[in-house]
Amino acid sequence: MRNILIELTVLDGDRTWTLRKPDDSVVQASLELANLPGVPADLFSISARTAGPLDDLGHPDIYYVNLDGPAYDGTPTPAQIVAAAQPSKALVLDGRGYPDTTATWSLIRHLLPAATYVRFNYPIRSPFIHEAEPDEQLWGQELPTYTGPVYVLVGPSTLSQAEHILMPLVSTDRAVFVGRETAGSNGNITGVMLPGAMAFSFTGMEVLFDDGSTFHGIGIPPTVEVHPTVAALAAGLDDELQAAVDLIAAL
């Protein structure tokens, strides 16, 4: 089944698969491109939403910021976002993309109620030493501070730096996380060359929340779990964002 799913991501023609069921019987499954429903043009623009009030969803009182790099390049500035969002009912951060600007780090600091840390352990391995060297990264507050409710959209595509900048919000219990569990993969990248011109990479450090609890393999579990439906995706709707909006409207 996994191989079929991989094929579907690059489907360029009709396909027929032979599947063996648990009772050892065999069935045929076919897919014809001509019979697939059309994809609405706005399906791929869900994560391209830029910073501003959610007027189009009927909620000008909710301020939204997409942390994904192509959507947020640091404009408006974090201080401007705080000023614009302060009178709003809540601030929604979309963490389902990948941030690639230092402004996103600054924005998180504008939301923190107190300073916190992300903690690390660097493994030291040799024939004589097997230990871990601890380290920590301080996340302090930046002014002005946004004091309203914060909701963060997360999912499997929230990984690495996207998870890292959200960890302080978890440690300070600052946000309600809506969506699906994040990837649980954060830290430096360690590469190893293998015979045969092959290589692989892995996280070469242990990443921990401020209280020392495990991050790897767990990630950031959602406070409110929401799974996008096929029908919503086909209609160009964003179930996770809508769920956050509904939660805020009920405040």
Side-chain angles (χ1 to χ4, degrees), residues 44-54 62-85 88 90-113 115-120 136-146 148-189 201 203 205 207-210 215-216 218-223 226 228 238 240-241 244:
F44 301 104
S45 66
I46 291 174
S47 62
R49 182 188 291 270
T50 55
L54 294 176
I62 299 176
Y63 199 88
Y64 169 95
V65 180
N66 191 342
L67 302 181
D68 189 39
Y72 181 58
D73 60 1
T75 305
T77 67
Q80 290 171 333
I81 289 174
V82 169
S88 299
L91 171 65
V92 175
L93 301 181
D94 196 332
R96 296 172 294 179
Y98 191 84
D100 61 6
T101 171
T102 57
T104 55
W105 293 59
S106 176
L107 177 58
I108 298 301
R109 293 187 173 95
H110 282 276
L111 309 180
L112 295 179
T116 186
Y117 290 87
V118 174
R119 303 190 183 277
F120 314 103
E136 60 190 21
Q137 180 186 65
L138 173 64
W139 285 75
Q141 291 177 296
E142 287 190 27
L143 299 177
T145 301
Y146 175 74
V150 177
Y151 288 72
V152 183
L153 307 181
V154 292
S157 60
T158 308
L159 77 160
S160 192
Q161 183 180 174
E163 293 177 293
H164 186 81
I165 67 172
L166 298 178
M167 290 178 69
L169 299 180
V170 177
S171 295
T172 57
D173 197 25
R174 180 64 179 95
V176 175
F177 293 88
V178 180
R180 292 165 289 165
E181 188 175 286
T182 65
S185 178
N186 182 22
N188 61 6
I189 300 174
S201 62
T203 300
M205 64 194 297
V207 181
L208 304 168
F209 288 101
D210 191 13
F215 171 83
H216 285 133
I218 296 176
I220 301 173
T223 315
V226 179
D238 189 339
E240 292 159 321
L241 176 57

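Between the CE atom of M205 and the CG atom of N188 there is a distance of 5.0 Å, given to the nearest 0.5 Å. For the atom pair CZ of F215 and OG of S171, the computed distance is 10.5 Å after rounding to the nearest 0.5 Å. Separation of atoms OH (Y64) and CG (N66) is listed at 3.5 Å; rounding is to 0.5 Å. Summarising the geometry, atom CD belonging to Q161 is positioned 10.0 Å from atom CG belonging to L166; distances are rounded to the nearest 0.5 Å. Note that NE2 of H110 and OG1 of T77 are 7.5 Å apart. Values are rounded to the nearest 0.5 Å. Interatomic distance, OG of S185 versus CD1 of I218, reported as 13.5 Å (0.5 Å rounding).
L241 approaches R49 most closely through the heavy-atom pair CD2-NE, 3.8 Å. N186 approaches H164 most closely through the heavy-atom pair ND2-ND1, 3.0 Å. The minimum heavy-atom distance linking Y72 with I81 is given by the pair OH-CD1, 3.7 Å. The two atoms that bring T104 and P99 nearest to each other are OG1-CB, 3.6 Å, heavy atoms only. Between A162 and Y98, the shortest heavy-atom contact is N-CE1, 4.3 Å. Annotation for L107 and L93: closest pair CD2-CD2, 4.1 Å, computed over non-hydrogen atoms.
By the 4.5 Å heavy-atom criterion applied to side chains, L111 and L91 are counted as neighbours. Between V207 and E163, every side-chain heavy-atom pair lies at or beyond the 4.5 Å cut-off. Proximity of L169 to L112: side-chain heavy atoms (C-beta onward) are separated by under 4.5 Å at one or more points. Side-chain contact between R96 and D238: present, with at least one pair of heavy atoms (C-beta onward) separated by less than 4.5 Å. Side-chain contact check for T116 versus F209: every heavy-atom pair is 4.5 Å or farther apart. Annotation: side chain of E181 is in contact with side chain of P222 (closest heavy-atom distance under 4.5 Å). Side-chain contact check for R180 versus P228: some heavy-atom pair is nearer than 4.5 Å.
For Q141, the side-chain hydrogen bond (donor to acceptor under 3.5 Å, both in side chains) criterion is met by no residue, not counting sequence neighbours. In terms of the salt bridge (charged side-chain N to carboxylate O under 4.0 Å, His left out) criterion, residue partners of R119 (sequence neighbours excluded) are, by chain and number, E136, D210.
Judged by distance alone, the side chain of T158 and the main-chain N or O of T182 form no donor-acceptor pair under 3.5 Å. Side-chain N or O atoms of D94 include none that pairs as donor or acceptor with a backbone N or O of L67 at under 3.5 Å.
Shown here is I189, whose CD1 atom has no more than 12 heavy atoms of other residues, nucleotides or ligands within 6.0 Å.
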Legend entry - Residue pair Y151, L153: steps toward the side-chain contact (heavy atoms from CB on, under 4.5 Å) verdict: CA-CA 7 Å; Y151 288 72; L153 307 181; 6.0 Å; no
Inset, instruction - For Y146 and R174, run side-chain contact (heavy atoms from CB on, under 4.5 Å): C-alpha distance rounded to whole Å, both residues' side-chain angles, the deciding distance at 0.1 Å, then the answer. - result: CA-CA 11 Å; Y146 175 74; R174 180 64 179 95; 3.7 Å; yes
